[in-house]
Amino acid sequence: MLTSLALIFLVGLSMAAIVQQLKLPRIIGMLITGIVVGPYVLNWLDPSILSISAELRQMALIIILLKAGLSLNLSDLKKVGRPAVMMSFVPASFEILGYVLVAPHLLGVNIMEAAVMGAVLGAVSPAVVVPRMVQLMETGYGTKKGIPQMILAGASCDDIFVIVLFTTFTGMAQGGNPQLMDFVNIPVSIVLGVALGAVVGWLLSRFFETAYAHQHCVRNSTKVIIVLGVSFTLMAVETWLEGIVSVSGLLAVVSMACVLKIKSPAFVSKRLSEKFGKLWIAAEVILFVLVGAAVDIRYTMSAGGAAVLMILCALLFRAVGVCLCVAGTKLTRKERLFCVIAYLPKATVQAAIGSVPLAMGLPCGQIVLSVAVLGILITAPLGAIGMDATYRKLLTRENLEE
């Protein structure tokens with residue numbers, strides 16, 4: 001296992017650096033590493049690490065959700081208003097609708113399986129989008145109309161919305177034909193998840209604040225371990241209550257992180273966000289390399305043509321959703337086009353949950369994973385290069401010296 005971990009970290013980071021020099025997202029290099037060293041090509045990874053890859057991927061997902069919750073500025077949503085709120089769920093909903101309507105005909109899956117596939121592919125990638133929006137805010141491109149703030153805030157919530165739908169759809173796919181209660185459980189799962197996370201986040205913030213007030217120094221690294229332990233417990237609560245009441249563990253984790261940011265002293269939430277950002281560096285490598293290793297490249301190539309066509313069709317649905325969000329705003333046609341381009345890339349969420357249907361034993365598991373990987377390989381470079389090449393032409397720069 002140690003040799004496999006060494007391969008994952010060293011080769012994965014090396015390939016990420018090479019790909020970054022080509023002006024492509026680092027995650028592409030990590031995915032390629034996983035495919036090459038995985039069991040379907042060179043078979044260099046120990047079976048013991050592959051057997052726990054699902055758990056490792058879930059841990060990585062929890063880390064990125066904690067980072068997102070601790071970094072999310074809720075005031076950005078209020079500042080930009082309706083378009084930012086709509087961007088957090090409308091484009092993803094349109095893309096999922098695209099999969100439901102088209103995937104049964106192109107890929108031979110049923111409607112429920114198409115919904116699962118749409119939920120996997122529906123989220124935009126914070127790993128690709130967030131750094132570029134931060135750069136735009138620092139250089140003043142589009143900031144006068146709040147374009148990068150709108151995309152940043154919307155993309156952060158978009159992931160959460162899609163993950164909640166994915167959890168619901170996979171549960172319905174496992175249970176056979178969807179029942180009325182399956183749809184009733186969606187808002188129940190959301191409300192209880194948010195409430196549970198909010199309560200736990202408030203208790204944690206009080207604990208950290210009390211410890212600081214009484215001069216009991218809780219080191220930042222210790223805080224990270226405590227928050228991680230509580231997050232794992234929240235995920236377990238979802239399993240414990242299964243069959244009794246629906247609770248979204250992932251949404252509880254994000255809700256806890258958001259409340260921690262709001263209620264904790266500013267320096268505590270900032271340090272926690274920084275620590276989870278550093279932890280994500282290692283988790284990201286493990287996540288993307290192991291996702292690549294789970295891909296049967298022969299199966300992916302055989303499904304390639306239809307899968308690529310499906311991805312492109314779904315992106316058209318997504319573009320319509322983005323255009324609907326910015327309709328009625330003061331954005332120009334060029335600025336609206338940039339919003340469409342910025343919402344193309346997929347990576348983080350697809351890597352985290354793309355192999356879950358396969359691990360759950362769903363019949364559509366292999367095709368969902370193949371489409372997820374193809375989606376990353378196509379849209380991550382497309383979105384990254386598209387944003388980098390067009391922002392100077394499509395956005396107006398604000399004079400920051402004034």
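Keep in mind that the numbers below use all heavy atoms, side chains included, and drop hydrogens, waters and symmetry copies.
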Are any non-hydrogen side-chain atoms of [X] and [Y] less than 4.5 angstrom apart?
{"X": "C339", "Y": "I151", "value": "yes"}
{"X": "L234", "Y": "M256", "value": "yes"}
{"X": "S93", "Y": "F161", "value": "yes"}
{"X": "L101", "Y": "F317", "value": "yes"}
{"X": "V247", "Y": "W240", "value": "no"}
{"X": "L228", "Y": "I63", "value": "yes"}
{"X": "Y40", "Y": "I35", "value": "no"}
{"X": "V200", "Y": "T233", "value": "no"}

Under 3.5 Å, sequence neighbours excluded: what are the donor-acceptor pairs made by side chains of residues 358-368?
none

Starting at [atom1] of [X], measure out to [atom2] of [Y] and round the result to the nearest 0.5 Å.
{"X": "Q350", "Y": "I27", "atom1": "CD", "atom2": "CD1", "value": "9.0 Å"}
{"X": "I96", "Y": "L165", "atom1": "CD1", "atom2": "CG", "value": "5.0 Å"}
{"X": "Q149", "Y": "L136", "atom1": "CD", "atom2": "CG", "value": "9.5 Å"}
{"X": "I8", "Y": "I49", "atom1": "CD1", "atom2": "CD1", "value": "4.0 Å"}
{"X": "L45", "Y": "L5", "atom1": "CG", "atom2": "CG", "value": "9.0 Å"}
{"X": "S273", "Y": "W280", "atom1": "OG", "atom2": "CH2", "value": "13.5 Å"}

Under the side-chain hydrogen bond (donor to acceptor under 3.5 Å, both in side chains) rule, collect the residues that match up with [X], sequence neighbours excluded.
{"X": "S370", "result": "T300"}
{"X": "E238", "result": "none"}
{"X": "S269", "result": "none"}

With distance as the sole test, does [X] use its side chain to make a donor-acceptor pair with the main-chain N or O of [Y] at under 3.5 Å?
{"X": "D46", "Y": "S4", "answer": "no"}
{"X": "S255", "Y": "V194", "answer": "yes"}
{"X": "R206", "Y": "G201", "answer": "no"}
{"X": "S264", "Y": "K261", "answer": "no"}
{"X": "T210", "Y": "F207", "answer": "no"}
{"X": "R397", "Y": "T139", "answer": "yes"}
{"X": "K145", "Y": "K330", "answer": "yes"}

Of all heavy-atom pairs between [X] and [Y], which one has the smallest distance, and what is that distance?
{"X": "L344", "Y": "T379", "result": "O-CB, 3.4 Å"}
{"X": "P345", "Y": "I341", "result": "CD-O, 3.7 Å"}
{"X": "T143", "Y": "G140", "result": "OG1-O, 3.2 Å"}
{"X": "F169", "Y": "A119", "result": "CD1-CB, 3.9 Å"}
{"X": "M310", "Y": "Y99", "result": "CG-CE2, 3.5 Å"}
{"X": "A293", "Y": "L50", "result": "CB-CD2, 4.2 Å"}

- Determine, for K346 against E95, whether the closest basic-nitrogen to carboxylate-oxygen distance falls under 4.0 angstrom. yes
- In plain terms, say whether D388 and K393 are close enough for a salt bridge, that is, a side-chain N and a carboxylate O under 4.0 Å apart. no
- Message: Does T329 form a side chain to side chain contact (heavy atoms under 4.5 Å, CB included) with V326? I'd like the steps, not just the answer.
- Response: CA-CA 6 Å; T329 66; V326 295; 4.0 Å; yes
Within 6.0 angstrom of [X] [atom1], more than 12 heavy atoms from elsewhere:
{"X": "R336", "atom1": "CZ", "result": "yes"}
{"X": "E55", "atom1": "CD", "result": "yes"}
{"X": "L2", "atom1": "CG", "result": "no"}
{"X": "M387", "atom1": "CE", "result": "yes"}
{"X": "L312", "atom1": "CG", "result": "yes"}

- Task: Just do the side chain to side chain contact (heavy atoms under 4.5 Å, CB included) check on R26 and V19 with the steps written out, would you?
- Result: CA-CA 6 Å; R26 290 162 49 85; V19 168; over 6 Å; no
- Test E335 against T396 for side chain to side chain contact (heavy atoms under 4.5 Å, CB included), laying out the working first. CA-CA 9 Å; E335 290 166 340; T396 304; 4.1 Å; yes
- Note on the structure: For residues 117-146, the ring-ring contact (aromatic ring centres under 6.0 Å, His included) pairs (sequence neighbours left out) are Y141-Y391
- Task: List for me each residue that meets side-chain contact (heavy atoms from CB on, under 4.5 Å) alongside T222, sequence neighbours excluded, and say none if there are none.
- Result: V218, R219, I226
- Message: Between K275 and L272, is the side chain to side chain contact (heavy atoms under 4.5 Å, CB included) condition met? List the steps.
- Response: CA-CA 5 Å; K275 288 285 185 182; L272 280 174; 5.5 Å; no
